[in-house]
Amino acid sequence: MPSTPPSFPCNRRLNRAFLAAGLLLVVVALGACVRDETDPAAPPVSSPPPVLTIPSLLPTKPPLPKPMLDGVHLSSRLPQETLAYARLPNPWHLLGDVVGRRSDSAYGSPPWRSQMDALRAHVQHSARADGWPTGLGSTLALVDSPVELLLLDPDGRLEGDTALLLSTSLNSSRPEDAARLVAEWVSWLTGEPPMAIPIDARGYGEAAFGQEQPLRLQFQAVEQRLYLYWGEGADLASFRSLLGRISKPVSHRARAQIEAADESGRGMLLWLDLQALRPLAAESTAAWRVLPDLAGSALFAVGSVRRHGQLTLALDELRPEILARLPKTAAAIPV
């Protein structure tokens, strides 16, 4: 009968200890291979999800082009003694500019602007070479906005110290250019050779122009804006007072009508206080003498309204019997 081999409990316990130690070494080795170099106390940082960029399939709207010429200035600064307001459009504006119409993209394009700039750069040379009327070349080269005129009378009757104020902007900040432009305008009106007009440090100057008071000018070099002031009572003190009063926008009964009749601010426009014509109408036998009895004011405009050209003829404060005779298609200006 075979004999049973003797058992060694001590050897078995050593084998299990060696096996456990080996497994522990394997675990420690694997942990060292994947050990994080960051602070173990710091919380785990999750990587941000990838950003998926999808190109827009909608066409991008191009920026609106800016006008080549400046807009109006006096229509929002009308003094209370204003009896008439006239706006003469800039000749370059008549060729095409950004005025809020469908054609703005064409007139605001770089090719069109470069052609206009080239024409303006050569206009003075052409005026001298071809013998244009005095002042026309300088006007086309320097005037950068519509020309605005105000007829002023504190009494409101065209019988007192009536004065005329003109305002426009130039594309030059040099007082010499402003003085030369005004001298050529005076020469064209009087038929005499242009005379030099000195301008002081505050931008004021004057030129003789057929009245007791001279034609006064003020040029603001920073804004490049020119003012002309002329009339029987147009002295320097009243000129300075007037410039101070129109330095900021003010409220006037004609302002809303003017802005509604031409939203571009660059068209031709005439507003007239008809009641100021009453003294003249009483002495006249012409047909217009009845105007002060029909309405309080009249407006005529060729401008832009809702991106379309529009011709406007408006009468304000009409008498009821006149309103009753108007056709049903006549409507008030939406102001």
Side-chain angles (χ1 to χ4, degrees), residues 69-75 77 79 82 84-93 120-121 123-128 130-152 161-247 266 268:
L69 304 175
D70 294 336
V72 293
H73 179 74
L74 289 181
S75 60
R77 295 168 165 82
T82 301
Y85 169 83
R87 180 193 304 160
L88 305 178
N90 192 289
W92 298 110
H93 159 78
R120 295 190 72 178
V123 68
Q124 282 188 308
H125 174 74
S126 299
R128 290 190 297 266
D130 299 337
W132 293 7
T134 303
L136 180 57
S138 298
T139 300
L140 294 176
L142 293 174
V143 176
D144 212 27
S145 73
V147 176
E148 299 175 274
L149 299 108
L150 298 183
L151 184 63
L152 308 171
D161 296 334
T162 305
L164 181 69
L165 177 70
L166 179 148
S167 176
T168 190
S169 68
L170 308 183
N171 59 11
S172 172
S173 60
R174 300 175 66 247
E176 296 82 2
D177 291 335
R180 174 169 54 87
L181 176 64
V182 175
E184 292 184 4
W185 285 352
V186 173
S187 175
W188 177 71
L189 292 172
T190 61
E192 300 178 357
M195 302 294 292
I197 301 178
I199 297 181
D200 61 21
R202 295 172 297 177
Y204 287 93
E206 60 182 45
F209 191 58
Q211 290 280 356
E212 180 180 353
Q213 294 289 343
L215 173 68
R216 303 187 184 277
L217 71 91
Q218 205 267 340
F219 180 65
Q220 300 176 359
V222 177
E223 292 82 7
Q224 299 180 190
R225 178 155 293 277
L226 174 66
Y227 294 97
L228 299 182
Y229 188 53
W230 180 74
E232 295 181 358
D235 55 16
L236 184 57
S238 62
F239 190 20
R240 291 176 178 173
S241 174
L242 177 60
L243 293 180
R245 286 186 288 122
I246 65 173
S247 60
R266 290 167 173 82
M268 182 174 64

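Note that this is a predicted model, so its numbers are computed, not measured. These values consider heavy atoms only, across backbone and side chains, with no hydrogens, waters or symmetry-generated copies. Residues take their numbers from the sequence shown, with the count starting at 1.
When every heavy atom of S238 is checked against every heavy atom of G233, the shortest pair comes out as OG-O, 3.5 Å. The two residues S172 and L142 come nearest to each other via the heavy atoms CB-CD2, 4.2 Å. L226 approaches A178 most closely through the heavy-atom pair CD1-CB, 4.4 Å. G137 and Q124 get closest at one heavy-atom pair: O-CG, 3.6 Å.
Qualifying side chain to side chain donor-acceptor pair (under 3.5 Å) partners for T139, counting only residues two or more places apart in sequence or in other chains: W185. With sequence neighbours excluded, the residues that form a side chain to side chain contact (heavy atoms under 4.5 Å, CB included) with S167 are H73, L74, R225, Y227. With sequence neighbours excluded, the residues that form a side chain to side chain donor-acceptor pair (under 3.5 Å) with R245 are E81.
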- request: Might you work through the side-chain contact (heavy atoms from CB on, under 4.5 Å) test for L217 and Y204, ending with a clear yes or no?
  value: CA-CA 6 Å; L217 71 91; Y204 287 93; over 6 Å; no

task: Please assess E148 against V72 for the test side-chain contact (heavy atoms from CB on, under 4.5 Å), listing each intermediate value before the final yes or no.
output: CA-CA 8 Å; E148 299 175 274; V72 293; 3.5 Å; yes

- request: Could you please spell out the steps behind the side-chain hydrogen bond (donor to acceptor under 3.5 Å, both in side chains) verdict for S187 and T134?
  value: CA-CA 7 Å; S187 175; T134 303; 4.7 Å; no

V143 vs W92, side-chain contact (heavy atoms from CB on, under 4.5 Å): CA-CA, chis, key distance, verdict: CA-CA 10 Å; V143 176; W92 298 110; over 6 Å; no

- request: Could you check L164 against L152 for side-chain contact (heavy atoms from CB on, under 4.5 Å), going step by step and ending with a plain yes or no?
  value: CA-CA 6 Å; L164 181 69; L152 308 171; over 6 Å; no

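Rounding to the nearest 0.5 angstrom, the gap separating the CD1 atom in I197 from the CG atom in L215 is 7.0 Å. We find the OG1-CG distance between T82 and L150 to be 5.0 Å, quoted to the nearest 0.5 Å. Between atom CD of residue E206 and atom CH2 of residue W230 there is a gap of 15.0 Å, rounded to the nearest 0.5 Å. Between the CG atom of L88 and the OG1 atom of T168 there is a distance of 9.5 Å, given to the nearest 0.5 Å. Here the OG-CD distance, from S169 to Q224, works out to 8.0 Å after rounding to the nearest 0.5 Å. To the nearest 0.5 angstrom, D177 atom CG is 8.5 Å from S138 atom OG.
With a 4.5 Å cut-off on side-chain heavy atoms, T190 and F209 count as touching. With a 4.5 Å cut-off on side-chain heavy atoms, R240 and R202 count as touching. Counting heavy atoms from C-beta on, the side chains of P89 and R266 never come closer than 4.5 Å. Side-chain contact check for Q213 versus D235: some heavy-atom pair is nearer than 4.5 Å. Side-chain atoms of Y229 and Q218, non-hydrogen and from C-beta on, never get closer than 4.5 Å to each other. Residues F239 and L165 have side chains in contact (heavy-atom distance under 4.5 Å, counting atoms from C-beta outward). Residues S75 and Y85 meet the side-chain proximity criterion, which asks for heavy atoms closer than 4.5 Å. Within the 4.5 Å cutoff, the side chain of L140 has heavy atoms near those of the P91 side chain.
Counting heavy atoms of neighbouring residues, nucleotides and ligands inside a 6.0 Å radius, atom CH2 of W188 does not exceed 12 of them.
Salt bridge annotation for R120-D144: present, with a cationic side-chain nitrogen under 4.0 angstrom from a carboxylate oxygen.
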